[in-house]
Amino acid sequence: MDNEQVGLYTLDEALESLGFGKFQAFVLAYAGLGWFAEAMEIMILSFIGQAVKSEWGLSSSQESLLSTIVFAGMVIGAYGWGTISDTYGRRTGFLTISIVTSGAGFLSTFSPNYLSLVILRGFVGFGLGGTSVFLSWFLEFVPASSRGMWMIVFSTFWTFGSIFEATLVWIVMAKLNWRWVLALSSVPSFALLFLYGVAPESPRYLCMKGRTGDALRILEKIASVNRTKLPGGVLISSRSTDKAEESTPSEDRIPLLPSLSKSSMQSKLGLASFFMLFSSKLIKTTALLWVLLFGDSFSYYGIILLTSKLSSGESGCFPTIQSSGYLLGDSLYVNAFITSIAELPGLFLSALLVDRVGRKQTMSIMFGLAFIFLLPLLTRQSAVLTTCLLFGARMNAMATFTVASIYAPELYPTSVRTTGAGVASAVGRIGGMVCPLVSVALVNACHQTEAIAIYLAVIVVSLVCIQLFPYDTKGRELSDTAC
């Protein structure tokens with residue numbers, strides 16, 4: 001007798017039956033707040049560097065370090081938080097993430113000197129490294145048929161966070177100072193702590209850990225809130241492995257010695273999750289994702305930093321740019337606001353494409369357009385044209401980065417999803433660490449052509465990687481095992 005005859009249904013079938021309703025809207029809002037908070041903390045890097053440099057008499061390399069240290073913290077945090085959430089649960093992951101980010105972000109407001117500011121911003125970066133946990137958590141509540149579109153909607157929280165930060169700085173920096181900007185930017189992270197108690201655990205994570213009863217209770221709550229019904233029958237983890245999973249508790253099906261303590265078992269599971277990324281079935285995916293997310297991060301964050309250097313003529317190298325009256329006074333904030341707005345049409349376009357043509361094709365189209373917009377900047381352009389080109393480049397770079405961030409957790413099984421996406425994100429953050437050397441150091445040294453050429457080369461390599469991925473995840477159910 002097959003599964004349908006005995007009334008069995010999988011988590012994916014349950015989610016399709018429940019649809020996307022009020023419950024998922026709350027999950028979207030909470031997870032989106034995590035990305036909103038990260039966007040604000042990242043966007044700070046475009047603004048406070050110059051203010052701190054002027055106040056404390058820093059060198060250009062010290063200014064660059066304020067950005068680099070945040071990304072260095074994110075590299076470490078991305079692996080750590082991913083392992084924690086795969087081992088102890090998604091809720092445990094984003095509780096600790098919120099504590100670290102809000103605490104370090106607020107304390108950096110009171111930094112008495114440059115060294116303390118660097119250390120505290122490094123801890124902020126460490127906390128921000130775990131924001132991929134929010135993405136994976138939300139992903140695990142969404143029906144497969146509309147997952148791409150809703151993940152793009154989720155990504156708009158980043159864009160609105162960027163726009164809000166640019167607006168906040170524009171208003172606050174002139175009247176107060178950079179310390180107030182840091183303090184106010186930590187508020188969303190505190191909000192995550194305040195709302196933590198009502199955030200549910202991922203039912204997919206619970207199923208993977210053999211806690212099917214707990215997962216069913218959450219699904220029943222979703223059905224009640226959404227005013228829908230679960231399929232009739234018994235919940236199972238998957239069609240192919242239901243018999244095995246009904247008879248044995250699942251701890252990623254990694255054999256453990258009975259004598260091991262619980263903490264030792266959890267530690268071994270965390271290491272096993274990491275090494276599973278390099279198994280024969282996942283190593284190609286892992287390697288390609290690392291290169292792709294490095295290119296995405298390098299390009300996206302680099303374009304953000306280029307905005308403060310090229311469109312404002314801050315480097316002092318381009319008199320034709322500086323001579324424009326448009327770029328006096330609040331020019332940095334105006335251009336940052338304009339280019340942040342650019343992300344909205346990019347997200348809208350990718351939302352139209354991602355569930356129609358697929359993840360790979362959407363990334364290829366958007367990255368190709370980013371290349372075209374950056375190409376004219378190999379030579380000096382007028383202030384207005386520079387801002388327009390950066391507008392287009394950021395629009396498409398953000399869209400590509402967003403789709404890649406969706407694609408990464410979809411490629412990994414539940415047992416290593418946040419670890420895999422987190423480590424890939426960590427490697428991507430290395431791109432964020434080194435891009436200030438291009439966007440800040442090279443442009444300050446009047447090497448605009450060389451800087452832009454590097455960005456174009458990175459985009460080309462990323463486009464090649466996209467074509468090498470073995471399959472697209474459009475419309476596919478999330479996997480619970482590496483198959």
Side-chain angles (χ1 to χ4, degrees), residues 1-21 23-24 26-27 31 83-95 133 136-145 147 198-256 258 260 262 265-266 268-270 272-273 276 409-410 412-420 476-483:
M1 183 178 294
D2 62 22
N3 289 337
E4 286 76 6
Q5 289 176 307
V6 297
L8 304 180
Y9 64 91
T10 66
L11 184 61
D12 284 293
E13 290 165 346
L15 291 174
E16 287 291 346
S17 177
L18 295 172
F20 192 100
F23 191 96
Q24 284 91 342
F26 168 76
V27 173
T83 301
I84 287 171
S85 65
D86 275 336
T87 306
Y88 298 98
R90 309 320 192 212
R91 294 183 79 246
T92 301
F94 50 69
L95 171 63
V133 175
S136 296
W137 177 67
F138 173 63
L139 179 77
E140 292 173 347
F141 283 91
V142 182
S145 60
R147 195 168 59 230
V198 293
E201 183 56 89
S202 161
R204 189 176 295 276
Y205 167 82
L206 293 171
C207 278
M208 186 268 296
K209 290 297 184 181
R211 297 166 56 185
T212 310
D214 292 335
L216 181 60
R217 280 189 285 276
I218 292 175
L219 292 174
E220 289 171 343
K221 186 174 182 180
I222 296 174
S224 174
V225 173
N226 289 358
R227 297 184 179 180
T228 52
K229 292 183 179 181
L230 285 168
V234 179
L235 173 66
I236 58 174
S237 294
S238 68
R239 289 292 185 194
S240 58
T241 60
D242 58 286
K243 295 299 182 184
E245 290 178 354
E246 284 175 348
S247 60
T248 60
S250 172
E251 285 289 349
D252 304 352
R253 290 189 292 279
I254 299 169
L256 297 170
L260 291 176
K262 183 175 180 180
M265 289 168 64
Q266 300 283 25
K268 286 182 175 291
L269 283 171
S273 294
M276 196 183 300
E410 287 181 328
Y412 286 113
T414 303
S415 56
V416 295
R417 179 165 296 119
T418 59
T419 299
R476 292 173 63 115
E477 292 184 352
L478 293 179
S479 171
D480 291 322
T481 57
C483 54

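This is a predicted model, so every value here is computed, not measured.
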What's the verdict on side-chain contact (heavy atoms from CB on, under 4.5 Å) for Leu230 and Ile222, showing C-alpha distance, side-chain angles and the deciding distance? CA-CA 9 Å; Leu230 285 168; Ile222 296 174; over 6 Å; no
Check the pair Leu15, Leu219 against side-chain contact (heavy atoms from CB on, under 4.5 Å), reporting the backbone distance first and the verdict last. CA-CA 8 Å; Leu15 291 174; Leu219 292 174; 4.3 Å; yes
I'd like to know whether Ile218 forms a side-chain contact (heavy atoms from CB on, under 4.5 Å) with Leu206, so could you lay out the CA-CA distance, the side-chain angles of the two residues, the decisive distance to 0.1 Å, and finally the verdict. CA-CA 10 Å; Ile218 292 175; Leu206 293 171; 3.5 Å; yes
Go through the steps for Phe20 and Phe141 under the test side-chain contact (heavy atoms from CB on, under 4.5 Å), then give the verdict. CA-CA 9 Å; Phe20 192 100; Phe141 283 91; over 6 Å; no
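Inter-residue side-chain proximity for Arg204 and Leu139 is flagged as unmet; no heavy-atom pair is nearer than 4.5 Å.
Annotation: the span from Ser136 atom OG to Tyr412 atom OH amounts to 11.0 Å, rounded to 0.5 Å. Rounding to the nearest 0.5 Å gives a distance of 4.5 Å between CG of Leu18 and OG1 of Thr228. The line from CE of Met208 to OG of Ser202 is 8.5 Å long, rounded to the nearest 0.5 Å.
Annotation for Ala14 and Pro231: closest pair CA-CD, 4.0 Å, computed over non-hydrogen atoms. Between Ser85 and Val133, the shortest heavy-atom distance links the atoms OG-CG2, 3.7 Å.
Ion pair Lys209/Asp214 not flagged as a salt bridge, since none of the NZ, NE, NH1 or NH2 atoms sits closer than 4.0 Å to an Asp/Glu carboxylate oxygen. Salt bridge Arg211/Glu201: absent, no basic N to carboxylate O contact under 4.0 Å.
Checked by atom type and distance alone, the side chain of Glu140 never pairs as donor or acceptor with a backbone atom of Trp137 at under 3.5 Å.
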